[in-house]
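Report on the structure given below.
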Amino acid sequence: MAIETPKDYTAFSAETIKAYVCDSPALAAIVGGKQSDLKTVEVGDGNLNLVFIVEGPSGSLIIKQALPYVRLVGESWPLPLKRSFFEYHALTRQTNAVTSGARVPEIYAFDEANALIAMEFLAEHIILRKGFIAATIYPKIAHDLGTFMAQTLFRTSDLHMETAQKKGDVALFVDNVELCDITESLVFTDPYHDAELNSWTTPELDRLALSLRTDRDLKVAAQLMKQRFTSNAQSLLHGDLHSGSVMVTQDDTRVIDPEFAFYGPMGFDTGALFANYFLAYFSQDGHAEAPGSRDAYQEWLLSTVMDTWASFETSFRQLWHEERTGILFPRTLFEDQDDAIGSEQALTRVLDELLADTIGFAGTKMLRRLVGLAHVEDLQSIEDPKRRAPCEANALAMGRELLVGRNHFSGMGQLCALARAIKSRGVSL
(Lines give C-alpha, C1' and ligand atoms only; values in the text may rest on other atoms or scores of the structure.)
Protein backbone atom coordinates (compact mmCIF):
# COMPACT_ATOMS: atom_id res chain seq x y z
CA MET A 1 0.00 0.00 0.00
CA ALA A 2 1.36 3.38 -1.02
CA ILE A 3 1.97 6.06 1.59
CA GLU A 4 -0.14 9.15 0.91
CA THR A 5 0.87 12.38 2.64
CA PRO A 6 -0.58 15.89 2.38
CA LYS A 7 1.18 18.19 -0.05
CA ASP A 8 2.04 20.65 2.72
CA TYR A 9 3.51 18.02 5.03
CA THR A 10 7.24 18.09 5.70
CA ALA A 11 9.13 15.48 7.69
CA PHE A 12 11.68 17.48 9.62
CA SER A 13 15.24 16.69 10.63
CA ALA A 14 17.23 17.93 13.60
CA GLU A 15 18.60 20.67 11.36
CA THR A 16 15.46 21.76 9.50
CA ILE A 17 13.33 21.89 12.65
CA LYS A 18 15.36 24.96 13.74
CA ALA A 19 13.90 27.12 10.97
CA TYR A 20 10.42 25.83 11.74
CA VAL A 21 10.73 26.89 15.38
CA CYS A 22 12.14 30.31 14.51
CA ASP A 23 9.30 30.90 12.02
CA SER A 24 6.72 30.33 14.77
CA PRO A 25 6.42 33.40 17.03
CA ALA A 26 4.99 31.34 19.90
CA LEU A 27 7.75 28.73 19.80
CA ALA A 28 10.53 31.25 19.09
CA ALA A 29 9.49 33.18 22.19
CA ILE A 30 10.00 30.09 24.33
CA VAL A 31 13.50 29.17 23.12
CA GLY A 32 14.77 32.66 22.30
CA GLY A 33 17.68 33.60 20.09
CA LYS A 34 18.36 33.15 16.40
CA GLN A 35 18.32 29.95 14.38
CA SER A 36 22.09 29.65 14.77
CA ASP A 37 21.67 29.76 18.56
CA LEU A 38 19.46 26.69 18.71
CA LYS A 39 20.66 23.22 19.65
CA THR A 40 18.55 20.33 18.38
CA VAL A 41 18.68 16.57 18.56
CA GLU A 42 16.32 13.85 17.41
CA VAL A 43 15.71 11.44 20.30
CA GLY A 44 12.74 9.37 19.18
CA ASP A 45 13.37 5.83 20.39
CA GLY A 46 9.76 4.66 20.18
CA ASN A 47 8.03 2.66 17.52
CA LEU A 48 6.23 5.35 15.55
CA ASN A 49 7.45 8.95 15.59
CA LEU A 50 10.18 11.58 15.36
CA VAL A 51 10.93 13.44 18.59
CA PHE A 52 13.12 16.56 18.66
CA ILE A 53 14.59 18.38 21.63
CA VAL A 54 15.04 22.07 20.80
CA GLU A 55 17.09 24.22 23.18
CA GLY A 56 17.76 27.93 22.93
CA PRO A 57 19.13 30.76 25.07
CA SER A 58 15.80 31.31 26.86
CA GLY A 59 14.27 27.86 27.10
CA SER A 60 13.57 24.52 25.53
CA LEU A 61 10.76 22.41 24.14
CA ILE A 62 9.93 19.06 22.60
CA ILE A 63 8.49 18.60 19.13
CA LYS A 64 6.86 15.28 18.35
CA GLN A 65 6.10 14.61 14.70
CA ALA A 66 4.20 11.71 13.21
CA LEU A 67 5.71 9.88 10.27
CA PRO A 68 3.50 8.42 7.53
CA TYR A 69 4.57 4.91 8.48
CA VAL A 70 5.47 2.79 11.48
CA ARG A 71 9.02 3.80 12.32
CA LEU A 72 9.81 0.43 13.92
CA VAL A 73 9.00 -1.43 10.70
CA GLY A 74 9.56 1.10 7.94
CA GLU A 75 7.69 2.34 4.89
CA SER A 76 6.27 -1.11 4.24
CA TRP A 77 3.76 -0.38 7.03
CA PRO A 78 2.00 2.91 6.18
CA LEU A 79 0.26 4.76 8.99
CA PRO A 80 -1.91 7.90 8.70
CA LEU A 81 -0.58 11.16 10.05
CA LYS A 82 -3.91 11.93 11.74
CA ARG A 83 -2.75 10.08 14.86
CA SER A 84 -1.17 13.36 15.99
CA PHE A 85 -4.64 14.94 15.82
CA PHE A 86 -5.99 12.34 18.23
CA GLU A 87 -2.98 12.66 20.51
CA TYR A 88 -3.44 16.43 20.71
CA HIS A 89 -7.13 16.16 21.52
CA ALA A 90 -6.48 13.42 24.09
CA LEU A 91 -3.87 15.61 25.80
CA THR A 92 -6.26 18.55 26.00
CA ARG A 93 -8.96 16.38 27.54
CA GLN A 94 -6.56 14.78 30.00
CA THR A 95 -5.37 18.24 31.00
CA ASN A 96 -8.95 19.22 31.81
CA ALA A 97 -9.75 15.94 33.58
CA VAL A 98 -6.78 15.78 35.94
CA THR A 99 -6.90 17.90 39.09
CA SER A 100 -4.32 15.98 41.15
CA GLY A 101 -1.68 13.31 40.70
CA ALA A 102 0.08 12.75 37.40
CA ARG A 103 -0.24 15.36 34.69
CA VAL A 104 0.49 15.60 30.98
CA PRO A 105 3.10 17.93 29.48
CA GLU A 106 2.03 21.48 28.72
CA ILE A 107 1.11 21.90 25.06
CA TYR A 108 2.58 24.90 23.24
CA ALA A 109 1.34 24.38 19.69
CA PHE A 110 -0.35 21.90 17.37
CA ASP A 111 0.31 21.87 13.62
CA GLU A 112 -2.18 19.53 12.00
CA ALA A 113 -0.74 19.90 8.48
CA ASN A 114 2.71 18.76 9.61
CA ALA A 115 1.31 16.31 12.16
CA LEU A 116 3.34 17.70 15.03
CA ILE A 117 2.86 18.82 18.60
CA ALA A 118 5.19 21.21 20.41
CA MET A 119 5.19 20.69 24.15
CA GLU A 120 7.00 21.07 27.43
CA PHE A 121 10.47 19.50 27.61
CA LEU A 122 10.68 17.45 30.80
CA ALA A 123 14.44 17.77 31.10
CA GLU A 124 14.69 16.44 34.64
CA HIS A 125 12.44 13.43 34.06
CA ILE A 126 13.28 9.95 32.86
CA ILE A 127 11.11 7.24 31.38
CA LEU A 128 9.63 5.16 34.19
CA ARG A 129 10.63 1.93 32.45
CA LYS A 130 14.30 2.93 32.61
CA GLY A 131 13.86 3.66 36.29
CA PHE A 132 12.48 0.17 36.81
CA ILE A 133 15.46 -1.33 35.01
CA ALA A 134 17.80 0.64 37.26
CA ALA A 135 15.82 -0.47 40.36
CA THR A 136 14.94 3.09 41.31
CA ILE A 137 12.18 3.66 43.86
CA TYR A 138 9.62 6.35 43.03
CA PRO A 139 7.49 7.04 46.10
CA LYS A 140 4.80 9.05 44.31
CA ILE A 141 3.93 6.97 41.26
CA ALA A 142 1.31 4.79 42.93
CA HIS A 143 -0.72 7.77 44.09
CA ASP A 144 -0.09 9.81 40.96
CA LEU A 145 -0.92 7.11 38.42
CA GLY A 146 -3.84 5.74 40.42
CA THR A 147 -5.51 9.15 40.61
CA PHE A 148 -4.62 9.95 36.99
CA MET A 149 -6.40 6.83 35.77
CA ALA A 150 -9.42 7.36 38.02
CA GLN A 151 -9.88 10.99 37.03
CA THR A 152 -9.33 10.59 33.29
CA LEU A 153 -11.49 7.48 33.04
CA PHE A 154 -14.34 8.60 35.31
CA ARG A 155 -14.57 12.16 34.01
CA THR A 156 -14.71 11.05 30.35
CA SER A 157 -17.44 8.46 30.95
CA ASP A 158 -21.23 8.41 31.08
CA LEU A 159 -20.87 8.44 34.84
CA HIS A 160 -19.90 12.11 34.60
CA MET A 161 -20.06 13.66 31.13
CA GLU A 162 -23.05 15.31 29.51
CA THR A 163 -24.52 12.89 26.98
CA ALA A 164 -24.10 15.12 23.94
CA GLN A 165 -20.48 15.87 24.81
CA LYS A 166 -19.69 12.21 25.40
CA LYS A 167 -21.26 11.08 22.15
CA GLY A 168 -19.51 13.88 20.28
CA ASP A 169 -16.18 12.73 21.66
CA VAL A 170 -16.92 9.11 20.79
CA ALA A 171 -17.65 10.21 17.23
CA LEU A 172 -14.40 12.20 17.09
CA PHE A 173 -12.11 9.47 18.39
CA VAL A 174 -13.79 6.58 16.59
CA ASP A 175 -11.85 7.67 13.50
CA ASN A 176 -8.57 6.59 15.11
CA VAL A 177 -9.09 3.38 13.17
CA GLU A 178 -5.56 2.45 12.18
CA LEU A 179 -4.08 2.66 15.67
CA CYS A 180 -6.98 0.69 17.12
CA ASP A 181 -6.31 -1.88 14.39
CA ILE A 182 -2.71 -2.18 15.57
CA THR A 183 -3.92 -2.97 19.08
CA GLU A 184 -6.63 -5.34 17.87
CA SER A 185 -4.09 -7.31 15.88
CA LEU A 186 -0.89 -7.13 17.93
CA VAL A 187 -2.48 -7.54 21.37
CA PHE A 188 -5.45 -9.82 20.87
CA THR A 189 -4.77 -11.95 17.79
CA ASP A 190 -1.17 -12.20 16.58
CA PRO A 191 0.36 -13.92 19.65
CA TYR A 192 -1.96 -16.88 19.11
CA HIS A 193 -1.14 -17.76 15.50
CA ASP A 194 1.78 -17.71 13.08
CA ALA A 195 1.83 -13.94 12.54
CA GLU A 196 4.70 -12.67 10.44
CA LEU A 197 5.97 -10.11 12.96
CA ASN A 198 5.89 -12.32 16.05
CA SER A 199 9.21 -12.90 17.79
CA TRP A 200 10.57 -14.29 21.04
CA THR A 201 13.77 -15.54 22.63
CA THR A 202 14.56 -18.59 20.54
CA PRO A 203 15.16 -21.46 20.96
CA GLU A 204 14.77 -21.14 24.74
CA LEU A 205 11.16 -19.98 24.61
CA ASP A 206 10.03 -21.95 21.55
CA ARG A 207 7.93 -24.54 23.37
CA LEU A 208 6.09 -22.00 25.52
CA ALA A 209 5.56 -19.49 22.72
CA LEU A 210 4.19 -22.09 20.31
CA SER A 211 1.93 -23.57 22.98
CA LEU A 212 -0.15 -20.38 22.95
CA ARG A 213 -1.46 -21.33 19.52
CA THR A 214 -2.99 -24.59 20.75
CA ASP A 215 -4.25 -23.28 24.09
CA ARG A 216 -7.99 -23.20 23.42
CA ASP A 217 -8.95 -21.64 26.75
CA LEU A 218 -6.40 -18.90 26.25
CA LYS A 219 -7.49 -18.10 22.70
CA VAL A 220 -11.14 -17.89 23.69
CA ALA A 221 -10.28 -15.64 26.63
CA ALA A 222 -8.19 -13.37 24.39
CA GLN A 223 -11.05 -12.98 21.94
CA LEU A 224 -13.51 -12.22 24.71
CA MET A 225 -11.21 -9.41 25.82
CA LYS A 226 -10.95 -8.26 22.22
CA GLN A 227 -14.74 -8.15 22.11
CA ARG A 228 -14.70 -5.93 25.20
CA PHE A 229 -12.09 -3.72 23.56
CA THR A 230 -14.03 -3.23 20.33
CA SER A 231 -17.55 -2.88 21.70
CA ASN A 232 -17.43 -1.03 25.02
CA ALA A 233 -16.98 2.74 24.66
CA GLN A 234 -16.83 3.46 28.40
CA SER A 235 -14.21 6.21 28.60
CA LEU A 236 -11.55 8.08 26.70
CA LEU A 237 -8.51 5.84 27.02
CA HIS A 238 -4.87 6.75 26.80
CA GLY A 239 -4.71 3.57 24.75
CA ASP A 240 -1.05 2.69 25.41
CA LEU A 241 -0.51 3.35 29.11
CA HIS A 242 2.69 1.45 29.82
CA SER A 243 5.81 2.34 31.79
CA GLY A 244 7.36 3.79 28.64
CA SER A 245 4.52 6.34 28.51
CA VAL A 246 5.26 7.73 31.97
CA MET A 247 8.05 10.18 32.80
CA VAL A 248 9.12 10.65 36.40
CA THR A 249 11.28 12.35 38.96
CA GLN A 250 11.16 11.69 42.67
CA ASP A 251 8.60 14.48 42.96
CA ASP A 252 6.68 14.58 39.69
CA THR A 253 4.87 12.17 37.39
CA ARG A 254 3.83 12.91 33.81
CA VAL A 255 1.92 10.79 31.31
CA ILE A 256 2.85 11.15 27.63
CA ASP A 257 2.11 9.72 24.17
CA PRO A 258 -1.70 9.14 24.04
CA GLU A 259 -1.77 8.76 20.27
CA PHE A 260 -3.68 5.46 20.61
CA ALA A 261 -6.51 7.33 22.36
CA PHE A 262 -10.08 6.19 21.73
CA TYR A 263 -13.25 5.44 23.66
CA GLY A 264 -13.03 1.95 25.08
CA PRO A 265 -13.23 -0.10 28.28
CA MET A 266 -11.68 1.54 31.34
CA GLY A 267 -9.87 -1.67 32.25
CA PHE A 268 -7.71 -1.51 29.14
CA ASP A 269 -5.76 1.45 30.51
CA THR A 270 -5.53 0.09 34.05
CA GLY A 271 -4.63 -3.36 32.73
CA ALA A 272 -1.84 -2.00 30.57
CA LEU A 273 -0.17 -0.27 33.49
CA PHE A 274 -0.41 -3.28 35.80
CA ALA A 275 0.93 -5.55 33.05
CA ASN A 276 4.03 -3.38 32.92
CA TYR A 277 4.43 -3.48 36.68
CA PHE A 278 4.48 -7.27 36.52
CA LEU A 279 6.79 -7.37 33.50
CA ALA A 280 9.19 -5.15 35.46
CA TYR A 281 8.83 -7.49 38.44
CA PHE A 282 9.80 -10.62 36.51
CA SER A 283 12.63 -8.86 34.70
CA GLN A 284 14.49 -8.03 37.90
CA ASP A 285 16.09 -11.48 38.28
CA GLY A 286 17.76 -10.95 34.92
CA HIS A 287 19.21 -7.62 36.03
CA ALA A 288 20.26 -8.73 39.52
CA GLU A 289 23.95 -8.29 40.21
CA ALA A 290 23.81 -11.37 42.47
CA PRO A 291 21.08 -13.91 43.25
CA GLY A 292 18.47 -12.26 45.44
CA SER A 293 19.99 -8.79 45.23
CA ARG A 294 16.80 -7.35 43.73
CA ASP A 295 14.31 -9.20 45.93
CA ALA A 296 13.60 -6.07 47.96
CA TYR A 297 13.00 -4.06 44.80
CA GLN A 298 10.61 -6.72 43.53
CA GLU A 299 8.67 -6.40 46.76
CA TRP A 300 8.55 -2.63 46.25
CA LEU A 301 7.10 -3.22 42.78
CA LEU A 302 4.39 -5.45 44.25
CA SER A 303 3.64 -2.88 46.93
CA THR A 304 3.31 -0.35 44.10
CA VAL A 305 0.77 -2.64 42.43
CA MET A 306 -1.25 -2.68 45.64
CA ASP A 307 -0.90 1.05 46.29
CA THR A 308 -1.75 2.06 42.71
CA TRP A 309 -5.00 0.10 42.79
CA ALA A 310 -5.80 1.47 46.25
CA SER A 311 -5.20 5.01 45.01
CA PHE A 312 -7.29 4.35 41.92
CA GLU A 313 -10.17 2.88 43.89
CA THR A 314 -10.12 5.63 46.52
CA SER A 315 -10.20 8.34 43.87
CA PHE A 316 -12.86 6.51 41.82
CA ARG A 317 -15.08 6.14 44.91
CA GLN A 318 -14.74 9.82 45.70
CA LEU A 319 -15.67 10.77 42.15
CA TRP A 320 -18.64 8.40 42.31
CA HIS A 321 -19.99 10.17 45.37
CA GLU A 322 -19.15 13.73 44.34
CA GLU A 323 -19.22 13.89 40.51
CA ARG A 324 -21.68 11.25 39.33
CA THR A 325 -23.61 13.63 37.10
CA GLY A 326 -24.00 11.57 33.91
CA ILE A 327 -26.74 9.28 32.68
CA LEU A 328 -25.40 6.11 34.33
CA PHE A 329 -26.51 5.20 37.87
CA PRO A 330 -28.17 8.61 38.32
CA ARG A 331 -28.63 9.94 41.82
CA THR A 332 -32.37 10.14 41.20
CA LEU A 333 -32.45 6.34 41.52
CA PHE A 334 -30.33 6.17 44.66
CA GLU A 335 -29.25 9.11 46.86
CA ASP A 336 -32.30 11.24 46.01
CA GLN A 337 -34.44 8.36 47.27
CA ASP A 338 -32.35 8.03 50.45
CA ASP A 339 -30.90 4.79 49.07
CA ALA A 340 -27.21 5.14 49.84
CA ILE A 341 -26.98 1.37 50.20
CA GLY A 342 -28.15 0.92 46.62
CA SER A 343 -25.54 3.41 45.41
CA GLU A 344 -22.81 1.49 47.26
CA GLN A 345 -24.05 -1.79 45.82
CA ALA A 346 -23.91 -0.34 42.30
CA LEU A 347 -20.42 1.04 42.91
CA THR A 348 -19.22 -2.35 44.15
CA ARG A 349 -20.55 -4.04 41.00
CA VAL A 350 -18.88 -1.44 38.77
CA LEU A 351 -15.54 -1.82 40.55
CA ASP A 352 -15.75 -5.62 40.50
CA GLU A 353 -16.31 -5.57 36.74
CA LEU A 354 -13.50 -3.06 36.30
CA LEU A 355 -11.12 -5.23 38.33
CA ALA A 356 -11.92 -8.28 36.19
CA ASP A 357 -11.35 -6.26 33.01
CA THR A 358 -8.10 -4.88 34.41
CA ILE A 359 -6.81 -8.38 35.12
CA GLY A 360 -7.84 -9.77 31.75
CA PHE A 361 -6.37 -6.91 29.77
CA ALA A 362 -3.18 -7.09 31.85
CA GLY A 363 -2.82 -10.72 30.79
CA THR A 364 -3.21 -9.91 27.10
CA LYS A 365 -0.69 -7.07 27.33
CA MET A 366 1.89 -9.24 29.09
CA LEU A 367 1.62 -12.04 26.54
CA ARG A 368 1.86 -9.77 23.53
CA ARG A 369 5.04 -8.11 24.87
CA LEU A 370 6.71 -11.51 25.15
CA VAL A 371 5.91 -13.24 21.86
CA GLY A 372 4.56 -10.52 19.56
CA LEU A 373 5.93 -7.37 17.92
CA ALA A 374 7.56 -4.64 20.05
CA HIS A 375 8.89 -6.18 23.25
CA VAL A 376 9.74 -4.26 26.43
CA GLU A 377 13.19 -2.97 27.29
CA ASP A 378 12.86 -4.38 30.83
CA LEU A 379 13.42 -7.84 29.34
CA GLN A 380 15.13 -7.08 26.03
CA SER A 381 17.98 -5.32 27.82
CA ILE A 382 18.93 -8.59 29.56
CA GLU A 383 21.64 -9.49 27.06
CA ASP A 384 22.18 -13.15 27.95
CA PRO A 385 19.25 -15.19 26.59
CA LYS A 386 19.94 -17.84 29.21
CA ARG A 387 19.12 -15.26 31.87
CA ARG A 388 16.38 -13.51 29.91
CA ALA A 389 14.34 -16.57 28.93
CA PRO A 390 13.51 -17.75 32.50
CA CYS A 391 12.25 -14.25 33.33
CA GLU A 392 10.10 -14.27 30.21
CA ALA A 393 8.82 -17.77 30.92
CA ASN A 394 7.64 -16.65 34.35
CA ALA A 395 5.96 -13.61 32.86
CA LEU A 396 4.25 -15.78 30.25
CA ALA A 397 2.86 -17.99 32.98
CA MET A 398 1.56 -14.96 34.84
CA GLY A 399 -0.01 -13.48 31.73
CA ARG A 400 -1.85 -16.71 30.96
CA GLU A 401 -3.20 -17.02 34.51
CA LEU A 402 -4.47 -13.45 34.46
CA LEU A 403 -6.16 -13.78 31.08
CA VAL A 404 -7.82 -17.15 31.61
CA GLY A 405 -8.66 -16.60 35.26
CA ARG A 406 -9.66 -12.95 35.22
CA ASN A 407 -12.94 -13.61 37.03
CA HIS A 408 -11.36 -15.73 39.75
CA PHE A 409 -9.34 -13.02 41.52
CA SER A 410 -10.83 -10.85 44.24
CA GLY A 411 -8.10 -8.24 44.44
CA MET A 412 -4.56 -7.16 43.69
CA GLY A 413 -3.26 -9.04 46.72
CA GLN A 414 -4.02 -12.33 44.99
CA LEU A 415 -2.21 -11.17 41.87
CA CYS A 416 0.86 -10.27 43.89
CA ALA A 417 0.73 -13.64 45.65
CA LEU A 418 0.57 -15.34 42.25
CA ALA A 419 3.61 -13.39 41.02
CA ARG A 420 5.60 -14.44 44.10
CA ALA A 421 4.57 -18.08 43.66
CA ILE A 422 5.57 -18.16 40.00
CA LYS A 423 8.92 -16.54 40.79
CA SER A 424 9.54 -19.00 43.62
CA ARG A 425 8.86 -22.18 41.69
CA GLY A 426 9.99 -21.01 38.25
CA VAL A 427 8.66 -22.22 34.91
CA SER A 428 10.31 -25.07 33.02
CA LEU A 429 11.62 -24.13 29.59
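Only a predicted model underlies this, so the values are computations on that prediction, with no experimental measurement involved.
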Quick one, Leu212 with Arg400, criterion side chain to side chain contact (heavy atoms under 4.5 Å, CB included). Give me CA distance, side-chain angles, the key distance, then yes/no.
CA-CA 9 Å; Leu212 303 186; Arg400 185 193 184 280; 5.8 Å; no
Passes side chain to side chain contact (heavy atoms under 4.5 Å, CB included), Met225 versus Asp357? Steps please.
CA-CA 8 Å; Met225 297 314 297; Asp357 274 2; 4.2 Å; yes
Please lay out, stage by stage, how Glu392 and Thr201 fare under the test side-chain hydrogen bond (donor to acceptor under 3.5 Å, both in side chains).
CA-CA 9 Å; Glu392 294 172 324; Thr201 301; 2.7 Å; yes
Verdict with reasoning, Thr136 to Ile126, per side chain to side chain contact (heavy atoms under 4.5 Å, CB included)
CA-CA 11 Å; Thr136 303; Ile126 72 164; 5.7 Å; no
Please evaluate residues Cys391 and His287 with respect to the criterion side chain to side chain contact (heavy atoms under 4.5 Å, CB included), reporting the C-alpha separation (whole Å), side-chain torsions for both, the decisive distance (0.1 Å), and the verdict.
CA-CA 10 Å; Cys391 300; His287 293 293; over 6 Å; no
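The distance from the CD atom of Glu162 to the CG atom of Asp169 is 12.0 Å, given to the nearest 0.5 Å. Here CD of Glu313 is found 13.0 Å from OG1 of Thr308. Values are rounded to the nearest 0.5 Å. The CG atom of Leu302 sits 11.0 Å away from the CG atom of Asp307 when rounded to the nearest 0.5 Å. Separating the CG atom in Leu48 from the OG atom in Ser84 is a distance of 12.0 Å, to the nearest 0.5 Å. Remark: Leu116 CG to Lys64 NZ distance equals 11.5 Å, nearest 0.5 Å. Rounding to the nearest 0.5 Å gives a distance of 10.0 Å between CG of Leu354 and CD1 of Ile359.
Judged purely by atom type and a 3.5 angstrom limit, Asn176 has no side-chain atom pairing as donor or acceptor with the backbone of Arg83. Checking side-chain atoms of Thr16 against main-chain N and O of Phe12 turns up no donor-acceptor pair under 3.5 Å. Arg368 contributes no side-chain N or O that, together with a main-chain N or O of Thr183, makes up a donor-acceptor pair within less than 3.5 Å. The backbone N or O of His89 lies less than 3.5 Å from a partner atom in the side chain of Arg93, making a donor-acceptor pair. Judged by distance alone, with hydrogens and angles left aside, the side-chain atoms of Ser185 form a donor-acceptor pair with the main-chain N or O of Asp181 at under 3.5 Å. Distance alone, capped at 3.5 Å, places no donor-acceptor pair between the Glu42 side chain and the Phe52 backbone. Judged by distance alone, the side chain of Asn407 and the main-chain N or O of Ala356 form no donor-acceptor pair under 3.5 Å. Listed for the Asp240 side chain is no donor-acceptor partner under 3.5 Å among the backbone atoms of Glu259. In terms of modelled atom types and a separation under 3.5 Å, the side chain of Gln284 and the main chain of Ala280 share a donor-acceptor contact. A donor-acceptor contact shorter than 3.5 Å links the side chain of Asn276 to the backbone of Ala272.
Applying the 6.0 Å contact sphere to CD of Gln380 captures more than 12 heavy atoms from other residues, nucleotides or ligands. For CZ of Arg349, the number of neighbouring non-hydrogen atoms (other residues, nucleotides, ligands) closer than 6.0 Å is 12 at most. Surrounding CD of Gln227 are at most 12 heavy atoms belonging to other residues, nucleotides or ligands under 6.0 Å away. The environment of NZ in Lys130 is sparse: at most 12 heavy-atom neighbours from other residues, nucleotides or ligands sit within 6.0 Å.
Taking the side chain as every heavy atom from C-beta outward, Glu178 and Ile182 never approach each other to under 4.5 Å. Side-chain contact between Lys365 and Val376 is absent, with no heavy-atom pair separated by less than 4.5 Å. Between Val98 and Thr147, every side-chain heavy-atom pair lies at or beyond the 4.5 Å cut-off. At a threshold of 4.5 Å between non-hydrogen side-chain atoms, the residues Leu328 and Ser157 do not count as touching. The shortest distance between side-chain heavy atoms of Phe282 and Ile422 falls below 4.5 Å. Tyr263 places a side-chain heavy atom less than 4.5 Å from the side chain of Thr156. Lys18 places none of its side-chain heavy atoms less than 4.5 Å from the side chain of Val54. Between Ile256 and Ile127, some side-chain heavy-atom pair lies under the 4.5 Å cut-off.
Summarising the geometry of Thr152 relative to Gln94, their closest heavy-atom pair is CG2-CG, 4.1 Å, with the distance given to 0.1 Å. Trp309 approaches Thr358 most closely through the heavy-atom pair CZ3-OG1, 3.8 Å. Nearest heavy-atom pair across Ala395 and Leu279 is CB-CD2, 4.0 Å. Nearest heavy-atom pair, Val187 versus Tyr192, reported as atom, atom and distance to 0.1 Å: O-CE1, 4.2 Å. Shown here for Met412 and Met306, the closest heavy-atom pair between the two residues is C-SD, 3.5 Å. Shown here for Val104 and Thr95, the closest heavy-atom pair between the two residues is CG2-OG1, 3.1 Å.
Using the six-membered ring where Trp is involved, Phe110 and Phe85 have ring planes that are tilted, between 30° and 60° apart. The aromatic rings of Tyr277 and Phe274 stand perpendicular to each other, their planes meeting at an angle above 60°, with 30° marking the opposite boundary.
Figure legend: cation-pi geometry between Arg317 and Trp320 absent, as NZ or CZ is not positioned both under 6.0 Å from the six-membered ring centre and within 45° of its axis.
Classification of Arg294 and Glu289 as a salt-bridged pair holds, one side-chain N sitting under 4.0 Å from a carboxylate O. Taking a cutoff of 4.0 Å between a charged side-chain nitrogen and a carboxylate oxygen, Asp378 and Arg129 qualify as a salt bridge. Salt bridge annotation for Glu204-Lys386: present, with a cationic side-chain nitrogen under 4.0 angstrom from a carboxylate oxygen.
With sequence neighbours left out, Asp352 forms a salt bridge (charged side-chain N to carboxylate O under 4.0 Å, His left out) with no residue at all.
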For residues 216-224, please give each side-chain donor-acceptor pair under 3.5 Å, one per line with the distance, not counting sequence neighbours.
from	atom 1	to	atom 2	distance (Å)
Lys219	NZ	Arg213	O	2.8
Gln223	NE2	Phe188	O	2.9

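For the side chain to side chain donor-acceptor pair (under 3.5 Å) condition, the pairs that include at least one residue of residues 103-117, sequence neighbours left out, are Tyr20-Asp111, Arg103-Asp252, Asp111-Asn114.
When only modelled atom types and interatomic distance are considered, Gln151 and His160 share no side-chain donor-acceptor pair under 3.5 Å. In the model, Thr99 has a side-chain atom that pairs as donor or acceptor with a side-chain atom of Arg155 under 3.5 Å.
The only option from Phe229, Phe173, Phe86 that meets the ring-ring contact (aromatic ring centres under 6.0 Å, His included) definition with Phe262 turns out to be Phe229.
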